[in-house]
S.K.: 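The following block contains the structure, expressed as structure tokens.
Reckoned from all heavy atoms, side chains included, excluding hydrogens, waters and symmetry mates. Atoms within a ligand are numbered from 1 in the order they appear, just like the ligands themselves. In this text the structure is predicted, and so the values were computed from the model without any measurement.
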Amino acid sequence: MSLSKATILGTVAAIGLAQAAQANELREYALEFFKPLPSTVPAVNDNPITPEKIDLGKALFFDPRMSASGVFSCNSCHNLATGGDDNMPTSIGHGWQKGPRNSPTVLNAIFNEAQFWDGRAPDLAEQAKGPVQAGVEMANTPDNVIATLNSMPQYIEWFEASFPDEGDPVTFDNFAKAIEAYEATLITPAPFDAWLNGDDAALSEDQLKGLELFVDSGCASCHNGVNLGGNGYYPFGLIEKPGADILPVGDKGRFAVTETVDDEYVFRASPLRNIAVTAPYFHSGQVWDLNTAVDIMASSQLGAELSEEEVGYITAFLESLTGEVPEVVYPILPAETAATPRPTGDVVQ
Ligand code: HEC
Ligand code: HEC
């Protein structure tokens with residue numbers, strides 16, 4: 001007996017429908033945990049975002065003269081050409097000093113509920129004031145930053161255009177707000193967003209398996225929301241403490257912020273967007289391979305033994321979080337003048 005063409009086509013259509021129904025079911029399930037990136041720049045509290053402010057923030061982000069030595073810009077450690085981080089175990093800053101923690105990406109950081117591995121800054125504007133003053137990063141002072149900016153007429157004009165209602169707009173607060181406005185534009189839509197928005201073909205079979213495993217084995221209980229993390233605090237080593245190479249005893253995480261014993265070795269669940277391009281991993285930056293990082297998470301946070309195959313599927317899913325970085329045109333910065341404070345050369349031996 002041969003099947004008629006109509007029957008065959010009908011069967012194919014039915015399989016197609018069944019697959020679509022299954023995809024929709026998984027999508028609805030996933031949407032209980034995750035949210036796609038918005039398609040436009042998000043609004044920011046107390047900081048209206050304008051094109052002028054974005055451009056000013058971009059100049060500041062790339063300007064090494066915001067550091068005391070004139071060497072380090074935000075982009076030194078959050079290089080937009082390499083995933084918004086520096087791909088070093090821990091960052092190198094002022095006077096070639098090695099900082100204590102790995103540099104997280106600035107991409108999509110606007111969606112984190114708090115900034116830093118321990119969440120000590122509530123938002124990006126507050127965050128931006130930190131590195132400028134940190135001795136191991138840019139080692140500068142707010143006064144010196146303002147003196148530097150005021151020495152270049154072009155910067156004064158840009159501040160005036162960005163904060164038109166203010167008499168004296170060149171302030172450290174506005175410096176931070178402009179950087180926040182620029183960072184709000186650093187959003188990277190990924191295949192996972194396309195899939196959440198209804199494009200069944202955006203994820204491969206392996207990635208879909210990985211997504212299911214990511215949710216079913218419990219990763220999504222900590223890594224959820226728009227950034228698949230960045231919104232909650234948990235002990236690193238909830239079930240089983242990783243070794244001191246990965247979780248150095250000296251860095252007690254959120255304990256330094258809250259001084260509560262319960263917060264010893266508590267860290268923010270890391271945002272996982274672009275994770276495949278931001279090795280090495282963890283706040284100590286001691287793990288270079290994403291499969292290994294997934295394996296460590298499974299045992300330390302869930303007490304789960306995942307097979308190599310399962311780890312591979314989860315990693316494949318994590319790769320679907322690598323998004324498209326907005327085009328970055330390198331800004332031409334205002335030229336310094338006779339009044340611009342000179343780089344300070346104190347080198348740490
Ligand atoms: C010397 C390297 C270095 C420089 C320069 C630097 N950062 Fe960072 N940045 C880091 C490190 C390391 C961390 C993590 C520190 C921590 O959690 O304690 C960090 C954290 C951040 C975060 C938090 C991201 C998250 O997921 O929590 C943002 C945003 C950020 N930096 C933006 C900036 C901006 C803006 C500048 C310039 C004003 C800047 N950084 C300059 C190394 C640097
Ligand atoms: C109980 C909460 C919790 C669970 C469950 C959990 N994580 Fe994490 N995850 C964290 C915390 C906290 C960190 C930050 C660790 C640190 O301080 O270095 C983290 C970090 C990571 C990192 C490194 C991020 C970076 O930027 O270096 C990856 C990758 C990761 N998790 C993936 C997973 C996967 C995959 C699973 C499931 C197998 C999972 N996590 C389960 C809380 C959790």
S.K.: Checking a contact table here: which protein heavy atom is nearest atom 18 (O) of ligand 2, and how many Å away?
M.R.: H283 N, 2.8 Å

S.K.: As a quick check of understanding, evaluate side-chain hydrogen bond (donor to acceptor under 3.5 Å, both in side chains) for Q286 and D245, giving each step before the final call.
M.R.: CA-CA 7 Å; Q286 292 303 306; D245 48 339; over 6 Å; no

S.K.: Would you mind reporting whether L203 and P191 have side-chain heavy atoms less than 4.5 Å apart?
M.R.: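 In contact.
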
S.K.: Is it the case that one hydrophobic cluster holds both F61 and F116, taking links as side-chain heavy atoms less than 4.5 Å apart, direct or via other members?
M.R.: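 The answer is no; the residues belong to distinct hydrophobic clusters.
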
S.K.: Could you see if L333 belongs to whatever hydrophobic cluster contains I146? Use Ile, Leu, Val, Met, Phe, Trp, Tyr and a side-chain cutoff under 4.5 Å.
M.R.: yes

S.K.: If you measure from each non-hydrogen atom of L272 to ligand 2, which part falls under 4.0 Å: side chain, backbone, both or neither?
M.R.: side chain

S.K.: Is there any N or O on S217 that sits under 3.5 Å from an N or O of ligand 2?
M.R.: no

S.K.: So which protein heavy atom does atom 12 (C) of ligand 1 come closest to, and at what separation?
M.R.: R101 O, 3.3 Å

S.K.: Side chains of N102 and Y281, heavy atoms from C-beta outward: is any pair under 4.5 Å?
M.R.: no

S.K.: Below 4.0 angstrom from a heavy atom of G93, which ligand 1 atoms are there? Numbered from 1 as shown, please.
M.R.: 1 (C)

S.K.: Close to atom 8 (Fe) of ligand 1, meaning under 2.8 Å, how many protein N, O or S atoms are there?
M.R.: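 Step by step: take atom 8 (Fe) of ligand 1, keep protein N, O, S below 2.8 Å, and you get 1.
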
S.K.: Are there over 12 heavy-atom neighbours, none belonging to E324, within less than 6.0 Å of that residue's CD?
M.R.: no

S.K.: I need the nearest protein heavy-atom contact for atom 27 (O) of ligand 1: residue, atom name and distance, please.
M.R.: F116 N, 2.6 Å

S.K.: Which ligand 2 atoms does L238 reach within 4.0 Å, using its non-hydrogen atoms?
M.R.: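 What qualifies from ligand 2 is 1 (C).
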
S.K.: So if you build clusters from Ile, Leu, Val, Met, Phe, Trp, Tyr with side-chain heavy-atom gaps below 4.5 Å, do V277 and V106 land together?
M.R.: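 Different clusters: V277 never reaches V106 through Ile, Leu, Val, Met, Phe, Trp or Tyr contacts under 4.5 Å.
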
S.K.: Within 45° of the ring axis of Y233 and under 6.0 Å from its six-membered ring centre, is that where the NZ or CZ of R254 lies?
M.R.: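 R254 over Y233 ring: yes.
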
S.K.: I need the nearest protein heavy-atom contact for atom 36 (C) of ligand 2: residue, atom name and distance, please.
M.R.: C219 SG, 2.8 Å

S.K.: Is R27 reaching over with its side chain to a backbone N or O of W195, donor-acceptor style, under 3.5 angstrom?
M.R.: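 Yes, the answer is positive, given that a donor and an acceptor are paired below the 3.5 Å cut-off.
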
S.K.: Same cluster or not: Y330 versus V325, using hydrophobic residues (I, L, V, M, F, W, Y) connected whenever any side-chain heavy atoms lie under 4.5 Å apart?
M.R.: yes

S.K.: Hey, does F282 come in under 3.5 Å of ligand 2, counting only N/O atoms on both sides?
M.R.: yes

S.K.: Determine, using heavy atoms of H94 and all atoms of ligand 1, whether some pair is separated by less than 4.0 Å.
M.R.: no

S.K.: Starting from atom 42 (C) of ligand 2, what is the nearest protein heavy atom, named by residue and atom, and what distance separates them?
M.R.: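 Heavy-atom neighbour on the protein nearest atom 42 (C) of ligand 2: Q301 NE2, 3.5 Å.
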
S.K.: Using non-hydrogen atoms of the residue, decide whether T278 is closer than 4.0 angstrom to ligand 2.
M.R.: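 So T278 does not count as touching ligand 2.
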
S.K.: Give the numbers and elements of all ligand 2 atoms closer than 4.0 Å to a heavy atom of L302.
M.R.: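 Every atom of ligand 2 under 4.0 Å from some heavy atom of L302: 5 (C), 37 (C), 38 (C).
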
S.K.: Decide whether L196 and L37 are clustered together by the hydrophobic rule: side chain heavy atoms of Ile, Leu, Val, Met, Phe, Trp, Tyr closer than 4.5 Å, transitively.
M.R.: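 Cluster IDs for L196 and L37 differ.
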
S.K.: Would you indicate whether the side-chain heavy atoms of Y265 and D251 approach each other to under 4.5 Å?
M.R.: no

S.K.: Hey, is S73 touching ligand 1 through its side chain, its backbone, both or neither, going by heavy atoms under 4.0 Å?
M.R.: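 Contact part for S73 vs ligand 1: backbone (N, CA, C, O).
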
S.K.: Answer yes or no for G218: is there a heavy-atom contact with ligand 2 below 4.0 Å?
M.R.: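 G218: in contact with ligand 2 (<4.0 Å).
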
S.K.: Is the shortest distance from a heavy atom of R268 to ligand 1 less than 4.0 Å?
M.R.: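 It does, in that a heavy atom of R268 comes within the 4.0 Å cut-off of ligand 1.
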
S.K.: List the closest protein heavy-atom neighbour of atom 11 (C) of ligand 2: residue, atom name, distance to the nearest 0.1 Å.
M.R.: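 Minimum-distance protein heavy atom for atom 11 (C) of ligand 2 reads A269 CA, 3.7 Å.
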
S.K.: Who's the nearest protein heavy-atom neighbour of atom 3 (C) of ligand 2, and how far?
M.R.: C222 SG, 2.7 Å

S.K.: Any N or O of W117 that comes nearer than 3.5 Å to an N or O of ligand 2?
M.R.: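 So ligand 2 has no N or O lying under 3.5 Å from an N or O of W117.
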
S.K.: For a 4.5 angstrom cut-off between non-hydrogen side-chain atoms, does N231 reach F111?
M.R.: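 Contact flag for N231/F111 side chains = no.
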
S.K.: By number and element, which atoms of ligand 2 are closer than 4.0 Å to a non-hydrogen atom of I314?
M.R.: 35 (C)

S.K.: What verdict does the ring pair (Phe, Tyr, Trp, His ring centres under 6.0 Å) test give for H283 and F267, after you've listed the backbone C-alpha separation in whole Å, the side-chain angles of each residue and the deciding distance to 0.1 Å?
M.R.: CA-CA 9 Å; H283 66 268; F267 291 88; 3.9 Å; yes

S.K.: Which residue owns the protein heavy atom closest to atom 14 (C) of ligand 2, what's the atom, and how far is it?
M.R.: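 Protein heavy atom at minimum distance: S270 OG, 3.4 Å.
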
S.K.: How close does the nearest protein non-hydrogen atom get to atom 26 (O) of ligand 2, and which residue and atom is it?
M.R.: I275 CD1, 3.5 Å

S.K.: Please examine the side chains of E212 and L208, heavy atoms only from C-beta on, and report whether any two atoms are closer than 4.5 Å.
M.R.: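 No, too far: nothing below the 4.5 Å cut-off.
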
S.K.: List the steps and the verdict of ring pair (Phe, Tyr, Trp, His ring centres under 6.0 Å) for F214 and Y313.
M.R.: CA-CA 9 Å; F214 188 85; Y313 290 141; over 10 Å; no

S.K.: Got a donor-acceptor contact below 3.5 angstrom from the N227 side chain to the G230 backbone?
M.R.: no

S.K.: Of all the heavy atoms in I92, does at least one lie under 4.0 Å from an atom in ligand 1?
M.R.: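 Contact check I92 vs ligand 1: positive.
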
S.K.: State whether the side chain of K58 and the backbone N or O of V329 hold a donor-acceptor pair below 3.5 Å, judged by distance alone.
M.R.: yes

S.K.: Mind checking whether D118 has an N or O less than 3.5 Å away from an N or O of ligand 1?
M.R.: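 D118 vs ligand 1: no N/O contact under 3.5 Å.
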
S.K.: Polar-atom distance check: N112 versus ligand 1, any N or O pair below 3.5 Å?
M.R.: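 So ligand 1 has an N or O lying under 3.5 Å from an N or O of N112.
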
S.K.: Any N/O/S of M297 under 2.8 Å from atom 8 (Fe) of ligand 2?
M.R.: yes

S.K.: Can you list the ligand 1 atoms lying under 4.0 Å from a non-hydrogen atom of E183?
M.R.: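 What qualifies from ligand 1 is 29 (C), 32 (C), 35 (C).
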
S.K.: Answer side chain, backbone, both or neither: which part of V266 comes under 4.0 Å from ligand 2, heavy atoms only.
M.R.: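 It is neither part, as no heavy atom is under 4.0 Å.
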
S.K.: Using a 4.0 Å heavy-atom threshold (strictly under), name the region of L247 that reaches ligand 2: side chain, backbone, both or neither.
M.R.: neither

S.K.: Taking the side chain as everything from C-beta on, heavy atoms only, tell me whether T141 gets closer than 4.5 Å to Q133.
M.R.: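 A side-chain contact under 4.5 Å is absent here.
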
S.K.: Under the salt bridge (charged side-chain N to carboxylate O under 4.0 Å, His left out) rule, what do R101 and D118 come out as? Steps first, then yes or no, please.
M.R.: CA-CA 11 Å; R101 287 183 182 161; D118 51 17; 3.1 Å; yes

S.K.: Identify, for atom 23 (C) of ligand 1, the protein heavy atom at the shortest distance, and state residue, atom and that distance.
M.R.: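 Minimum-distance protein heavy atom for atom 23 (C) of ligand 1 reads Q115 OE1, 3.6 Å.
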
S.K.: Relative to the heavy atoms of N102, which atoms of ligand 1 are at a distance of less than 4.0 Å?
M.R.: 12 (C), 14 (C)

S.K.: Would K209 count as a cation-pi partner of F317, with NZ or CZ less than 6.0 Å from the six-membered ring centre and within 45° of the ring normal?
M.R.: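 No, K209 does not lie over the aromatic ring of F317.
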
S.K.: With under 30° as parallel and over 60° as perpendicular, where do the rings of F175 and F172 fit, or are they tilted in between?
M.R.: parallel

S.K.: Can you list the ligand 1 atoms lying under 4.0 Å from a non-hydrogen atom of L124?
M.R.: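 Within the 4.0 Å cut-off of L124, ligand 1 contributes 29 (C).
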
S.K.: Could you name the option among F317, Y265, F236 that has the heavy atom nearest to atom 15 (C) of ligand 2?
M.R.: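 Result: the heavy atom closest to atom 15 (C) of ligand 2 is in F236.
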
S.K.: At a 4.0 Å cut-off, with the gap strictly under it, does some heavy atom of T90 reach an atom of ligand 1?
M.R.: no

S.K.: Under 30°, 30 to 60°, or over 60°: which ring-plane class applies to Y155 and W158, parallel, tilted or perpendicular?
M.R.: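 Judged by the thresholds at 30° and 60°, the geometry between Y155 and W158 is perpendicular.
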
